[in-house]
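Below: one structure, written as structure tokens.
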Amino acid sequence: MKRKVIIFTLIAIAGALGLIGFQILKNVTDSWRIDGGGPSRERYVTQWRAQGWGFGRHLVDTAGNILVLYDDAEYLQPQIEAFQQGLIAAGIPEQRTKFRVLQVGSNPKLPESMTTIPGMSLEMLMASEDFQTVLSAYKPEIAISLLGLPRDAMVSQYDFTRGGATVFLVGGNTYHNENHLKMMQAGRVSGVLRLKSDCPGVDDEYSREPELCFAEFYELATPNNAERLLPEPLSAIAP
């Protein structure tokens with residue numbers, strides 16, 4: 001019995017270390033990319049402004065308040081500001097949107113000590129219960145998650161639209177497109193922003209105009225076009 005406890009403890013520690021290592025690598029990669037190691041900072045900001053513009057154009061003729069959920073990590077602030085600028089440029093009044101940091105509660109799948117690790121992103125920590133809490137608190141007609149979905153979304157079977165909100169996903173862990181397609185078909189989410197497979201590469205020229213940049217890089221998958229846009233796994237969602 002004691003031996004089994006030791007083995008399970010070692011497995012848990014190995015899993016925790018692996019998750020920490022992944023998060024550190026992701027944060028370093030994201031910071032490196034934003035600061036010019038990958039696509040230039042200008043390109044990064046331009047693409048996020050284009051994403052905001054694309055959502056703005058999609059929502060400009062709709063009614064209701066818009067809640068945007070994001071991670072307040074310092075290196076992500078250019079992303080948040082650019083996305084907001086894009087929404088405004090597309091005709092969404094600033095007072096119609098609320099930008100809120102997703103507050104993370106207890107995620108039973110993670111050791112409690114991991115929730116206090118500096119630099120651990122909300123994307124890694126958030127659970128479906130956290131989304132449920134914030135959507136219940138703000139009761140938005142439209143919600144845009146710049147964090148993707150919680151990693152327990154498929155297991156929890158939580159319907160992110162059940163409170164009446166239209167829920168769109170950007171960034172985060174939205175690589176598992178078969179799952180997101182199933183969720184859209186079931187009405188649990190309303191749309192996923194897709195990075196086109198033929199978008200400009202790192203060294204290619206790209207448009208600085210939000211409308212043209214959005215057309216070059218992105219497609220918004222909804223229940224109406226999901227079968228066409230999401231037949232295969234994507235390489236990435238958003239820069």
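Predicted, not measured: the structure shown is a model, and the values here were computed from it.
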Non-hydrogen atoms of Met184 and Gly191 that approach each other most closely:
SD-CA, 3.8 Å
Answer yes if the side chains of Gln47 and Tyr218 hold a donor-acceptor pair under 3.5 Å, and no otherwise.
yes
Under the side chain to side chain contact (heavy atoms under 4.5 Å, CB included) criterion, do Glu94 and Gln84 qualify, and how do the steps go?
CA-CA 8 Å; Glu94 186 173 357; Gln84 184 174 28; 4.0 Å; yes
Closest non-hydrogen contact found for Ala73 with Gln77 is O-NE2, 3.1 Å
Short side-chain to backbone donor-acceptor contact, Glu216 and Ser207, under 3.5 Å:
yes
Closer than 3.5 angstrom, by distance alone: can the side chain of Ser190 be matched with the main-chain N or O of Val167 as a donor-acceptor pair?
yes
Measuring from atom CZ of Phe131 to atom CE of Met126, what distance do you get when rounded to the nearest 0.5 angstrom?
4.5 Å
Taking NZ, NE, NH1 and NH2 as the nitrogens, is one of them in Arg208 or Glu42 under 4.0 Å from a carboxylate oxygen of the other?
yes
Please determine which of Asp72, Ile144, Leu87 meets the side-chain contact (heavy atoms from CB on, under 4.5 Å) test together with Phe99.
Leu87
Is the shortest heavy-atom distance from the side chain of Phe217 to the side chain of Leu193 under 4.5 Å?
no
Taking Arg100 for its side chain and Val68 for its backbone only, find out whether a donor-acceptor pair lies under 3.5 Å.
no
CH2-CD distance between Trp48 and Gln85, expressed to the nearest 0.5 angstrom
13.5 Å
When you measure from the side chain of Lys139 to the backbone of Gly163, do you find a donor-acceptor pair of N or O atoms at a distance under 3.5 Å?
no
Do Ile142 and Arg96 touch side chain to side chain, with heavy atoms closer than 4.5 Å?
yes
Rounded to the nearest 0.5 Å, what's the gap from CD1 on Ile88 to CZ on Phe83? Could you check?
11.5 Å
If you compare all heavy atoms of Ala90 against all heavy atoms of Val60, which two are closest, and at what distance to 0.1 Å?
O-CG2, 3.8 Å
Taken to the nearest 0.5 Å, the spacing of Lys196 NZ from Glu219 CD works out to 5.0 Å
Determine yes or no for a side-chain-to-main-chain donor-acceptor pair under 3.5 angstrom, with Thr161 supplying the side chain and Gly164 the backbone.
no
Any donor and acceptor pair, going by atom type alone, linking the side chain of Asp71 with main-chain N or O of Leu147 inside 3.5 Å?
no
Starting from the C-alpha separation in whole Å, work towards a yes-or-no answer on side chain to side chain contact (heavy atoms under 4.5 Å, CB included) for Leu102 and Tyr70.
CA-CA 6 Å; Leu102 181 66; Tyr70 69 99; over 6 Å; no
Give me the ring orientation class for Phe160 and Tyr158: parallel if the planes are under 30° apart, tilted from 30 to 60°, perpendicular past 60°.
perpendicular
Looking at every non-hydrogen atom in both residues, tell me the closest pair between Asn225 and Thr222 and how far apart they are.
OD1-N, 2.7 Å
Rounded to the nearest 0.5 angstrom, the CH2-CD distance for Trp53 and Glu209 is 10.5 Å
Give a yes or no on whether the backbone of Gly86 and the side-chain of Arg49 come within a donor-acceptor separation of less than 3.5 Å.
no
Min side-chain heavy-atom separation Ile66-Lys98 under 4.5 Å
no
Distance (rounded to the nearest 0.5 Å) between Leu169 CG and Ser145 OG:
6.0 Å
Measure the acute angle between the ring planes of Phe168 and Phe55, then classify it against the limits of 30° and 60° as parallel, tilted or perpendicular.
perpendicular
Would a 4.5 Å heavy-atom cut-off, applied to side chains only, mark Leu146 and Ile80 as touching?
yes
Taking every non-hydrogen atom, the tightest pair across Pro140 and Ala165
O-CB, 3.3 Å
For the student: nearest non-hydrogen atoms of Gln51 and Val170, plus distance:
OE1-CG1, 2.9 Å
Carefully, step by step, assess His58 and Leu220 under the rule side chain to side chain contact (heavy atoms under 4.5 Å, CB included).
CA-CA 9 Å; His58 183 75; Leu220 181 60; 3.7 Å; yes
